[in-house]
S.K.: 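Take this structure first; my questions come after.
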Amino acid sequence: MELPNKYDPSLTEDKWYSYWLENGFFHSEPDEREPYTIVIPPPNVTGVLHMGHMLNNTLQDVLVRRARMTGYNACWVPGTDHASIATEAKVVEKLKSEGIEKSDITREEFLKHAWEWRDKHGGIILEQLKKLGASCDWKRTRFTMDPDLSAAVLNTFVYFYKKGLIYRGVRMVNWDPEGLTAVSDEEVIHKETDSKFYYLKYKIAGDVVEGECDHVTIATTRPETIMADVAVCVNPADERYFHLRGRNVIIPLIDKEIPIIEDDYVTMDLGTGCLKITPAHDINDYEIGLRHKLPVIDIINDDGTLNEKARILIGEDRFVARKKIVKMLSEAGLLEKVEDYKSQVGHSERTDAVIEPKLSMQWFLKMEDLAKDALQVVEDDSVRLIPDKFKNTYRHWMENVRDWCISRQLWWGQQIPAYYLPNGECVVESTFEKAFDAARRIDPSLKAEDLVQDEDVLDTWFSSWLWPISVFDPAKPGFPDKAPNADLAYYYPTNDLVTAPEILFFWVARMIMAGEEFCQDIPFRNVYLTGIVRDKQGRKMSKQLGNSPDPIKLMKEYGADGVRLGMLLCTSAGNDILFDESQVEQGRNFSNKIWNAYRLVKGWKVSDTMAQSDVNQLAVSWFASKLDKAIESIDEDFAKFRISDAVMTIYKLFWDDFCSWYLEIIKPSFIDGVQESMDKATFDATISYFDALLKILHPVMPFITEELWQNIEERKKGETIMLQQMPLSTGHDATLIAAFDKAIETVVSIRALRQLKNISPKEPLAVQVKSTYYPAIITSVISKMANVPNLQIVEQFDTTLAGQSFMVGTIEYFVPLEGMIDMDEEIEKIEAEIKRYEGFIKGVNAKLGNAAFVANAPAKVVALERKKLSDATTKIETLRARLATLK
RNA sequence: GGGAGCAUAGCUCAGCUGGUUUAGAGCAUCUGCCUUACAAGCAGAGGGCCAUAGGUUCGAAUCCUAUUGCUCCCACCA
């Protein structure tokens, strides 16, 4: 069969993925083997695959495939997250395009639309993961709003409520006027924003002493909130304002009198040192208001428009109102000046709307005790963060943790299981029936329709923090004493979690808390934190910038295997990766290299009667050692999660050691257009090496390795490389490898000489070496790889011949090159070489001549220095001798 | 403002507890090759004051201090 000289991924990827699925190779059930478990960080159900997912899921697939091949019962649980804000926003948008406003329909109708949306679009991302080759146990696919997972969330809420850790309270929250919901502190992104500092004049109420200023000037970035001012505040130490103690000022435009108060919070040299206090719309002002028992006037509606309490500009959006009020103030002569100002303004992570600090009734979970345990297990490395530099960040968070605002003013999500009686009393139960029973115990006359459930839903992270538990045993969360089911008992704690550092606190820390609370055990042992995928210029990939390649297109063009290799080569834990298509190209080229190595081996004729040559025998035993050595290094790298290093070792093992050296050495030559046969021993060894290499490569490049593994030898139906045992090292022969390295070095030197002297590789070359120090093992390799048919081992070089010499270690080689040598150039070169070694010796001697060094350094180090010295001395002697013959 | 991290070849990064021939890899570059597996390839080569300045040490890319430049996190000054 004639194979094309390019690998075509489109002919193999779908074929083998279907094969794996049909045979249920990804599915895991508890058995007597040790489990290896990963739960996927559930992507948004409405999401589409981006480069971050590619990196993240490639890493997980590599880990899980390796585990599967090293004897573990590997289970990778996939699923999606309901992502309340993001999904609700998408559904609202879709309805809007159909002319339906959310405010015009009922909660039930809206949820119907939302579920329809999720049934239609949800899970696209999971289909895309299949293209990547993700070996998830699809039978275990979960969704954070599956009925039993939602029940788990509600049970958890009830559990914490009854434990006294959940409470309801008025708090200043980060309000997203676009999403119409409160968002947590972590979902607020502070961005440096160009804004203006407006200097406003507030007239002083009452009489003013002759000659004194009749107003104070206040600097603010938010002039539209002046109507909500309840005081003006100065620093008690600020002499400029001593005379105004106890006075009132008048808010411009609405002519309302408010007091001047004093508080240390005010910085004297910022602005005018005079601060307006607006408790409803600023967190610090709110706190000052509490200290001074000031009223709260909330003039902004949920959607960011001004309400009637503002008295002016009612119904205007806050930013429109800002422009208008500046104009009004200016016309009234109350605007002193405007300065440009850069400030950090909070934006909603989901909608990018400017966050409005707002007082609102919310549900909170107390975090202090939960955080203590979750910190402890990371501190003592029960849960390992990779890289461990994130421990610092984690500690900082956990020591300064604030209560978690868990309510969201949305419909898509688990509705809070709190029910209100007409008298305002509240019962919390996991179902309406239970709540109704409980309410009836308070008020026996209560009717079902009188009991009203809280409108809010729970923060999405309040369901995803249960993920490692609820995907296995949804009945467990909320019931720490309940025995785990068989799945949970077997798969929990999971092994590795692969995720992004930005959700270390959001998600990782909280999973640890939930795990400790409900299972009295950590949810995972290792947390591998990937970096952010950035573009070549270091910008974060984003839809807005349009700088993110479409992963599906990328896989089509370069093959899933190529994309995987490209991503893996440039990722180290915790470091951002700068993505460039050339990396993926490298991956594709590697696929092609593997493909062509296969074509080569497949084309060989094998002879049963042919004896194995010396050089083949040497190559076979050398590669066995190289393979073992590489396996040892790869295993070590994986154990330390140095995945790109492991992948690079595999890459070089295949490309350099296997293809460039091993295959080239054993490759039968063509004589008169006819290919020579290969002896069976060498061929069999080669096939077994190829087989081992494919297995080692499989976790990284699953498709091409399955394709070639299926073809390189006869396979039975239902067999797969996926479930083969990963090759193990039997220990490598370091002496053999070192000797072979010398051969390689010699070959490279001869090739370089050829290039320098313009001698074609096809032209056989005579090379001499002195027998006194020559190790025989490398002769055959040099002969074949450097085209030196007869490496002459001589007593002395024939000094009557013109030629060139070179050294490998301390061994000197001589290549007679009659008529091709420029003597002066040669002498110059040798002299330069001598000079270099002399410099080197000087350095070594400086060390050895230092009594303190010899006395203090370990004997091993001193011995090494002496060896350096003697080697260099030998080299110089050899070079000097050569120089003498030339002169 | 507080904290953390990073700085090594053109690019992306290794370099682990200070000592292995006066620093390694991949990519890119340059040179020569269309050699019967692969030009998505082969062969060869060049390229670094290890950010700067001090210090510790027999010995520093590695440890310490300061400086500079980037990055991230936390808290925010209206």
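Throughout, protein chains are lettered first and strands after them, A, B, ... in sequence-line order, and every chain is numbered starting at 1.
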S.K.: Any stems for RNA chain B, made of 3 or more Watson-Crick or G-U pairs in a row, each with both distances under 3.5 Å?
M.R.: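 The stems are B:1-7 with B:68-74, B:10-13 with B:24-27, B:29-33 with B:41-45, B:51-55 with B:63-67.
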S.K.: Taking only residues two or more places apart in sequence, or in another chain, which ones meet N400(A) in a side-chain contact (heavy atoms from CB on, under 4.5 Å)?
M.R.: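 Partners of N400(A) under the side-chain contact (heavy atoms from CB on, under 4.5 Å) test: H396(A).
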S.K.: Please list, chain by chain and in numerical order, all residues satisfying salt bridge (Lys or Arg N to Asp or Glu O under 4.0 Å) with D229(A), sequence neighbours excluded.
M.R.: K276(A)
S.K.: Could you tell me which residues satisfy ring-ring contact (aromatic ring centres under 6.0 Å, His included) with W595(A), sequence neighbours excluded, listed by chain and number?
M.R.: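 With neighbours one apart ignored, the set is Y7(A).
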S.K.: Could you pull out all residues at least two apart from E224(A) that satisfy salt bridge (Lys or Arg N to Asp or Glu O under 4.0 Å)?
M.R.: R222(A), R322(A)
S.K.: If the sugar-phosphate is the primed atoms plus P, OP1 and OP2 and the base is the rest, what is the B/S/- string for nucleotides 9-21 of chain B, using protein heavy atoms under 4.0 Å?
M.R.: ---SSSS---BSB
S.K.: Only distances under 3.5 Å count here; give the side-chain donor-acceptor pairs of residues 645-657 of chain A to other protein atoms, sequence neighbours excluded, each with its distance to 0.1 Å.
M.R.:
from: D645(A); atom 1: OD2; to: R642(A); atom 2: NE; distance (Å): 3.1
from: D645(A); atom 1: OD2; to: R642(A); atom 2: NH2; distance (Å): 3.1
from: T649(A); atom 1: OG1; to: D645(A); atom 2: O; distance (Å): 2.9
from: Y651(A); atom 1: OH; to: Q586(A); atom 2: NE2; distance (Å): 3.3

S.K.: Provide the full list of salt bridge (Lys or Arg N to Asp or Glu O under 4.0 Å) pairs with a residue in residues 839-860 of chain A, sequence neighbours left out, each pair given once.
M.R.: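 Matches after skipping sequence neighbours: K847(A)-E865(A).
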S.K.: Just the table, please: protein N/O against nucleotides 32-37 of chain B N/O, every pair under 3.5 Å.
M.R.:
from: A37(B); atom 1: OP1; to: K667(A); atom 2: NZ; distance (Å): 3.4
from: A37(B); atom 1: O2'; to: N596(A); atom 2: OD1; distance (Å): 2.7
from: A37(B); atom 1: O2'; to: R599(A); atom 2: NH1; distance (Å): 2.7
from: A37(B); atom 1: N6; to: E664(A); atom 2: OE2; distance (Å): 2.8
from: A37(B); atom 1: N3; to: N596(A); atom 2: O; distance (Å): 3.0
from: A37(B); atom 1: N3; to: A597(A); atom 2: N; distance (Å): 3.4

S.K.: Phosphate oxygens OP1/OP2 of C73(B): is one of them under 4.0 Å from a side-chain N or O of N392(A)?
M.R.: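 Answer no for this pair, as no side-chain N or O of N392(A) is under 4.0 Å from OP1 or OP2.
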S.K.: Can you list the residues that meet the ring-ring contact (aromatic ring centres under 6.0 Å, His included) rule with Y662(A), with sequence neighbours excluded?
M.R.: F623(A), F658(A), Y689(A)
S.K.: Run the ring-ring contact (aromatic ring centres under 6.0 Å, His included) test against Y199(A) and tell me which residues pass, sequence neighbours left out.
M.R.: F197(A)
S.K.: Are any protein N/O atoms closer than 3.5 Å to N/O atoms in nucleotides 24-27 of chain B? If there are, list each pair with its distance.
M.R.:
from: A25(B); atom 1: O2'; to: K652(A); atom 2: NZ; distance (Å): 3.1
from: G26(B); atom 1: O2'; to: Q586(A); atom 2: NE2; distance (Å): 2.7
from: C27(B); atom 1: OP1; to: Y651(A); atom 2: OH; distance (Å): 3.3

